[in-house]
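Below: the structure, in structure tokens.
All values reported here derive from a predicted model rather than from experimental measurement.
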Amino acid sequence: MRILVLNAGSSNLKASLIEPPNRAPTFERTISWIDDGRDGASATVREVVKTGEPIDAIGHRVVHGGERFTGPTSLDDAAIDAIESMTDLAPLHNPLALATIRSARQFLPDVPQVAAFDTAFHATLPESARRYPVPDDWARAGIRRYGFHGISVAWSVQRASEMLDRPVEELSLVIAHLGGGCSVTAVDAGQSVDTSMGMTPLEGLMMGTRAGSIDPGIVFHRLRDGQPAETIESDLDRRSGLVGVAGSDDMGMLLAREAGGDERARLAVEMFVRRAAAAIAASATNLATIDAIVFTGGIGEHAESVRTRICERLHLVRLDGREQDIESDGWLGTTSGPSVLRVTAREDLVIAAQVVAVVRET
């Protein structure tokens with residue numbers, strides 16, 4: 001079965017053709033929403049159609065599935081309407097996924113389509129992790145932690161099992177997805193038991209353009225100062241994080257600026273490392289033991305000095321500078337503590353596998 005995977009992130013759209021169990025895509029393309037706009041989704045689907053490659057099904061990444069979607073689902077009008085109703089919970093992500101879904105339905109109307117949800121992996125969160133310490137009527141109104149990056153986490157868990165040559169059911173892992181969006185998840189025997197993102201993808205670590213967790217009183221202070229709620233939301237989603245502190249969300253550029261003596265870049269990197277390490281340490285308290293810390297996402301995969309600094313702050317593991325390459329991933333050498341792995345994010349493979357499962361059931 002040939003699966004067209006359309007992974008709509010907050011900054012780009014990644015398209016790939018996968019034929020499970022083969023892991024190598026037969027077609028790949030990434031477009032930037034900034035450069036191409038939402039019309040880029042239509043252009044990408046048209047380009048795939050023009051290749052003449054047969055497409056048996058289409059899989060979409062959808063960030064927020066709320067309480068309704070705890071697993072992959074076939075996309076009909078009702079499902080699309082339900083996804084649209086959650087747009088305010090993931091304003092950087094769900095609208096782009098919807099634009100991509102509609103483009104695919106327009107150009108490939110007879111091909112079955114399936115949505116895979118980032119929130120679904122965290123359906124196993126215990127109530128003590130899922131519940132916020134808020135009034136009970138808030139909780140009854142749906143105020144709760146959902147968690148995100150679940151598709152990426154699922155792949156990291158699978159790859160850690162392969163790299164460590166141990167069954168998933170035996171592993172306790174901390175997965176640090178560090179990219180444009182950042183989160184840390186504690187995984188015990190393949191199940192999410194704690195995660196840093198919350199009801200929306202705005203909570204948790206410092207990110208590329210998102211603030212992560214800040215004192216909620218700051219929002220009330222800005223409201224009392226006369227700032228509209230929409231402006232505050234946009235500022236925290238799009239003008240904060242690395243961009244807010246140093247003017248750029250490009251970690252490679254910030255590291256180069258830091259090396260050149262740029263104080264704003266130094267501060268941004270230091271804050272990023274501090275908050276990532278703190279989240280990993282907090283996540284570890286939810287596991288009886290830690291078999292491995294897994295770094296994934298654009299920064300987690302490529303920013304070696306950031307990984308090193310995070311590990312140094314943890315005092316839980318010490319890297320020795322060696323790295324064993326395992327296909328496109330890496331096993332980082334340590335002198336003490338749990339294993340440290342570098343895993344290339346392959347959300348496309350997880351989505352493709354979920355599509356196959358749904359299509360075969362229908």
* Structure fact -> Sorted by chain and number, sequence neighbours left out, ring-ring contact (aromatic ring centres under 6.0 Å, His included) with Phe272 holds for none
* Does atom CE of Met199 have more than 12 heavy-atom neighbours, drawn from other residues, nucleotides or ligands, at distances under 6.0 Å? -> yes
* For residues Ala8 and Thr100, report the shortest heavy-atom separation together with the two atoms involved. => CB-OG1, 3.9 Å
* Flag for Asn94-Thr87: side-chain donor and acceptor within less than 3.5 Å -> no
* **Connected via hydrophobic side-chain network under 4.5 Å: Val350 and Val356** => yes
* To do: Inspect the contact between Arg342 and Asp325 and indicate whether a charged nitrogen and a carboxylate oxygen are less than 4.0 angstrom apart.
  => yes
* Counting distance only, does the side-chain N/O of Arg61 pair as donor-acceptor with the main-chain N or O of Glu347 below 3.5 Å? -> no
* Asked: For the atom pair OG (Ser234) and CZ (Arg239), what is the distance rounded to the nearest 0.5 Å?
  -> 7.5 Å
* So which heavy atom on Thr344 is nearest to which on Ser328, and how close? -> OG1-O, 3.0 Å
* Any side-chain heavy-atom pair from Ile290 and Leu173 closer than 4.5 angstrom? -> no
* Asked: When rounded to the nearest 0.5 angstrom, what distance separates CG in Leu178 from CD1 in Ile299?
  -> 6.5 Å
* Asked: Closest heavy-atom contact between Ala211 and Leu202?
  -> N-CD1, 4.1 Å
* **Arg68 atom CZ, over 12 foreign heavy atoms within 6.0 Å** => yes
* Would Ile101 and Phe69 show up in the same hydrophobic cluster when neighbours are defined by side-chain heavy atoms closer than 4.5 Å? -> yes
* Check the pair Val340 / Leu319 against side chain to side chain contact (heavy atoms under 4.5 Å, CB included), numbers first and verdict last. => CA-CA 8 Å; Val340 178; Leu319 302 179; 4.0 Å; yes
* To do: Output yes when Arg131 and Asp136 qualify as a salt bridge under the 4.0 Å nitrogen-oxygen rule, no when they do not.
  => yes
* Is the number of heavy atoms from other residues, nucleotides or ligands within 6.0 Å of CD (Glu127) greater than 12? -> no
* Judged by atom type as modelled, is there a donor-acceptor pair below 3.5 Å linking the side chain of Gln227 to the main-chain atoms of Leu223? -> no
* Asked: At what distance, to the nearest 0.5 angstrom, does CG of Leu89 lie from OG1 of Thr119?
  -> 10.0 Å
* Determine, for Glu270 against Arg274, whether the closest basic-nitrogen to carboxylate-oxygen distance falls under 4.0 angstrom. => no
* Nearest non-hydrogen partners of Cys182 and Met206, listed with the distance -> SG-O, 3.7 Å
* Check the pair Glu263 / Arg266 against salt bridge (charged side-chain N to carboxylate O under 4.0 Å, His left out), numbers first and verdict last. => CA-CA 5 Å; Glu263 177 59 23; Arg266 183 204 63 77; 2.6 Å; yes
* To do: Take Asp329 and Arg159 through the test side chain to side chain contact (heavy atoms under 4.5 Å, CB included) and record every step on the way to the result.
  => CA-CA 9 Å; Asp329 304 319; Arg159 277 300 286 151; 2.7 Å; yes
* Does some side-chain heavy atom of Ile18 sit less than 4.5 Å from a side-chain heavy atom of Pro25? -> yes
* Distance-minimising heavy-atom pair for Pro126 and Ser192 -> CD-O, 4.4 Å
* Give a yes or no answer on whether the side chain of Ser283 reaches the backbone of Val174 with a donor-acceptor pair at less than 3.5 Å. => no
* Count the heavy atoms belonging to other residues, nucleotides or ligands that lie under 6.0 Å from CZ of Arg166, then report whether that count exceeds 12. => yes
* So, are Arg309 and Glu258 salt-bridged, with charged N and O less than 4.0 Å apart? -> yes
* Asked: Going through the distances and angles, do Leu255 and Ser305 end up as a side chain to side chain contact (heavy atoms under 4.5 Å, CB included)?
  -> CA-CA 9 Å; Leu255 291 170; Ser305 67; 3.6 Å; yes
* Mind checking the CG-CZ spacing from Leu75 to Arg102? Nearest 0.5 Å is all I need. => 10.5 Å
* To do: Would you list the pairs meeting side chain to side chain donor-acceptor pair (under 3.5 Å) in which at least one residue belongs to residues 205-222, sequence neighbours left out?
  => His221-Asp225
* Using links of under 4.5 Å between side-chain heavy atoms of ILVMFWY residues, direct or through other members, which residues join Trp33 in one cluster? -> Leu4, Leu6, Leu13, Leu17, Phe27, Ile31, Val45, Val48, Val49, Ile55, Ile58, Leu96, Phe107, Leu108, Val111
* Asked: So, do Glu170 and Leu164 sit near enough that their side-chain heavy atoms are less than 4.5 Å apart?
  -> no
* Asked: Is there a side-chain contact between Pro201 and Val63 (heavy atoms, below 4.5 Å)?
  -> yes
* Thr334 side chain reached by Asp320 side chain, heavy atoms, under 4.5 Å -> no
* Is Asp249 reaching over with its side chain to a backbone N or O of Val243, donor-acceptor style, under 3.5 angstrom? -> no
* Connected via hydrophobic side-chain network under 4.5 Å: Ile80 and Val114 -> no
* Do you know which of Thr195, Asn286, Asp194 makes side chain to side chain donor-acceptor pair (under 3.5 Å) with Thr185? -> Thr195
* Should Val153 and Trp155 count as side-chain neighbours, where that means a heavy-atom distance under 4.5 Å? -> no
* To do: Begin from the C-alpha positions of Leu254 and Asp250 and carry the test side chain to side chain contact (heavy atoms under 4.5 Å, CB included) through to its verdict.
  => CA-CA 6 Å; Leu254 291 177; Asp250 185 329; 5.8 Å; no
* Please determine if Lys14 and Asp348 form a salt bridge, counting it only when a charged side-chain N lies under 4.0 Å from a carboxylate O. => no
* Ser16 OG to Asn7 CG distance, which is reported to the nearest 0.5 Å -> 8.0 Å
* Check whether any side-chain heavy atom of Pro112 lies under 4.5 Å from a side-chain heavy atom of Thr362, and answer yes or no. => no
* Asked: Going by heavy atoms in the side chains, are Pro91 and Asp237 under 4.5 Å from each other?
  -> yes
* Structure fact -> Separation between CG (Leu341) and CD (Gln324), nearest 0.5 Å, reads 10.5 Å
* To do: Look at the side chain of Asp76 and the backbone N and O of Ala79, then say whether any donor-acceptor pair between them is shorter than 3.5 Å.
  => yes
* Ser196 (side chain) donor-acceptor with Val184 (main chain) under 3.5 angstrom -> yes
* State, without any angle test, whether His177 and Thr296 hold a side-chain donor-acceptor pair at a distance under 3.5 Å. => no
* Path from Phe121 to Leu171 over hydrophobic side-chain contacts below 4.5 Å -> yes
* Can you name the residues that form a side chain to side chain donor-acceptor pair (under 3.5 Å) with Glu203, not counting sequence neighbours? -> Tyr132, Arg145
* Shared ILVMFWY cluster between Leu332 and Met163, side chains joined below 4.5 angstrom? -> no
* What residue pairs, at least two apart or across chains, pass side chain to side chain donor-acceptor pair (under 3.5 Å) with a residue in residues 18-32? -> Arg23-Glu162, Arg29-Glu47
* Structure fact -> Shortest non-hydrogen pair, Arg313 vs Val273, comes out as CD-CG1, 3.6 Å
* Structure fact -> By ring-ring contact (aromatic ring centres under 6.0 Å, His included), His64 pairs with (sequence neighbours left out) Tyr146, Phe148
